[in-house]
Each structure stands twice: as structure tokens, then as C-alpha cells.
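Below is one structure, written out as C-alpha cells, with a few remarks after it.
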Amino acid sequence: MRIILLGAPGAGKGTQAQFLMKKFGIPQISTGDMLRGAIAAGTPLGLEAKKVMDAGQLVSDEIIIGLVKERIAQADCKNGFLLDGFPRTIPQADAMKDAGVAIDVVIEFDVADEVIVERMSGRRVHAASGRVYHVVYNPPKVEGQDDETGEALSIRDDDKEETVRKRLGVYHEQTEPLIGYYQAEAKQGAVRYLKIDGTKPVEEVSQLLSEQLN
Ligand code: AP5
Ligand code: ZN
């Protein structure tokens, strides 16, 4: 199964990716996690990406498309993958099409901006694994610690309210057009398009996905 998770920052893509990975046994490809990995490793890409991400803007299509193409060519992607946070511009979507990457399902998480701003203020992450928590809505078993490793959780640099609002603006301008793009693909029978109410509690969203993806 080849899945695209589409939705605003904080819509729940990373959270549901954890669930879908286990359900289908396919890897999560989060371009955001890949970029944060490059920042942590201090690579030239990381240094460049940090400035852009802290400003709430998008990293260039060229760089991102290169990263994803390289990643999906790896052996563990043979039976499918979950794209989380990619594509997020029309050129990125076109690049997948041009490369002959067939997508089975596009899942759109629909969540209003104000809900998102509140969610982001309580987000905690385990950077090494990409696992995501929320202090109220999806708390770890032990406060401040990752469930699987016990390691400390952290707050993402781009989760300040001001940056979240900028990211939402960028989403509406550059990523939202992909909704129409993939709905048109669905009309031609090229993909399945699923719109999910992302404001429901985490388990209910997972349940909806389970029902719809059978
Ligand atoms: P990226 O890491 O992809 O961030 P994003 O798309 O902005 O999305 P988030 O990770 O913030 O949100 P999410 O939908 O995964 O929500 P989550 O599950 O964590 O990208 C970061 C940056 O990298 C970009 O700004 C850009 O600069 C760059 N970048 C990345 N990809 C790029 C690309 N393709 N092209 C160009 N640049 C790129 O949930 C959020 C919070 O809500 C958590 O606390 C969670 O516990 C909670 N929550 C989740 N679901 C629910 C629920 N149902 N109810 C209540 N709370 C919930
Ligand atoms: Zn995410």
C-alpha cells in the first residue's frame, strides 16, 4: 500500500502514521523528520534547512524531491510506504507522477486552524523515532518520557505560536491546492481519496482509518 497523508501542520499526520505503519507493515517517510535528522547531524543540508524551517517556510522542491526519490528506492519501500508531509507543492506531486510512482490512497486530515494552534502548544516529540505526543490529548505513560525508550521528550523549534501561524499560511497557499489535484486524480480512477475528520480524538481517527482502508 502506497499512502499519502495530506493535511495542515498539526493535523495528525505523524500520529496516524505510527498507527498505519504498524497496521500495514510499511515504513513512514516523513520529510520533516528527515530534515530534522539532517539538522541534528549538522550536515550542510541541515544547516540550510534549519533557517527555512524556523521561519515556517518550505525547503526547496529540488532538495525535497531528491531526498524522497532516494528514500523510496530503498528495499524496505518495496511493498509500500506512507508519505507524511510530502508532497506539499504541486511540483512535488508532479515529480512523483513523472517518476511513475503510483499512489493507492490519499488521506486528507481535515482540522480547523484554531484547533491546530492549540494542539501545537502541547506537542512533545521523541526526535529519534518520530513518535509524537500531546500533554493532554495523547500523553506518554510517564510524563516527559518516550513510551518505548524512556528517553526525554522535546518541543519542536517550529512549534512557537507565531511560527505555527506562518506554517498554516504557507499550507493554505502552497499545499491546499493538492486537495483539488488529488480529487481530480481520484475522479479519473488514478487514486483513492479519503477525507477524514481529524478533529476527532486520536483513537477515533485511527478507527475511522481502519474501517475505510479495509
Ligand atoms: P513537518 O515535520 O512535516 O511538519 P508539518 O507538516 O507542519 O506537520 P506537523 O508534523 O507539525 O504535524 P502533523 O500533522 O504530523 O501532526 P502530529 O501528528 O504531530 O515539516 C516541518 C517543516 O519541514 C516544514 O515547515 C518545512 O519547512 C519542512 N518540510 C517538510 N516537508 C517538506 C516538503 N515536502 N517540502 C518542503 N518543505 C518541507 O500532531 C500534532 C499534535 O496534535 C501532537 O501533539 C499530537 O499528539 C496531537 N494530535 C494529533 N492528533 C490528534 C487528535 N486527533 N486529537 C487531539 N490531538 C491530536
Ligand atoms: Zn508530523
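One is the number of the first residue; the rest follow in order along the sequence. Nothing here was measured: the structure is a model prediction, and the numbers come from that model. Both ligands and their constituent atoms are indexed starting at 1 by order of listing.
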For D54, is there an ion pair with R156 - N to carboxylate O distance below 4.0 angstrom?
no
Any N or O of I64 that comes nearer than 3.5 Å to an N or O of ligand 1?
no
What residue and atom, counting heavy atoms only, is the protein's closest point to atom 53 (N) of ligand 1, and at what distance?
K200 O, 2.7 Å
Check whether any heavy atom of R36 sits under 4.0 Å from an atom of ligand 1.
yes
Using a strict 4.0 Å threshold on nitrogen-to-oxygen distance, state whether R131 and D146 make a salt bridge.
yes
Run the contact test for P201 against ligand 1 with a 4.0 Å cut-off on heavy atoms, strictly below, and give the result.
yes
the protein heavy atom lying closest to atom 28 (C) of ligand 1 turns out to be L35 CD1, 3.5 Å
Would one find an N or O of D84, backbone or side chain, under 3.5 Å from an N or O of ligand 1?
no
Under 4.0 angstrom from ligand 1, any heavy atom of A8?
yes
Which residue supplies the protein heavy atom nearest to atom 16 (O) of ligand 1, what is that atom called, and how far is it?
G12 N, 3.2 Å
Shortest protein contact, atom 15 (O) of ligand 1 (heavy atom only):
G14 N, 2.9 Å
4.0 Å heavy-atom contact, R156 with ligand 1:
yes
Does E204 come within less than 4.0 angstrom of ligand 1, counting non-hydrogen atoms of the residue?
no
Under-4.0 Å salt bridge between K50 and D157
yes
Kindly confirm or rule out an N or O of G10 lying under 3.5 angstrom from an N or O of ligand 1.
yes
Does any N or O atom in K13 lie less than 3.5 angstrom from one in ligand 1, N or O only?
yes
Are G56 and ligand 1 in contact, using a heavy-atom cut-off of under 4.0 Å?
no
Indicate yes or no: does an N/O atom of Y133 lie under 3.5 Å from an N/O atom of ligand 1?
yes
Hey, does V132 come in under 3.5 Å of ligand 1, counting only N/O atoms on both sides?
no
Closest to atom 18 (O) of ligand 1 among protein heavy atoms sits T15 OG1, 2.6 Å
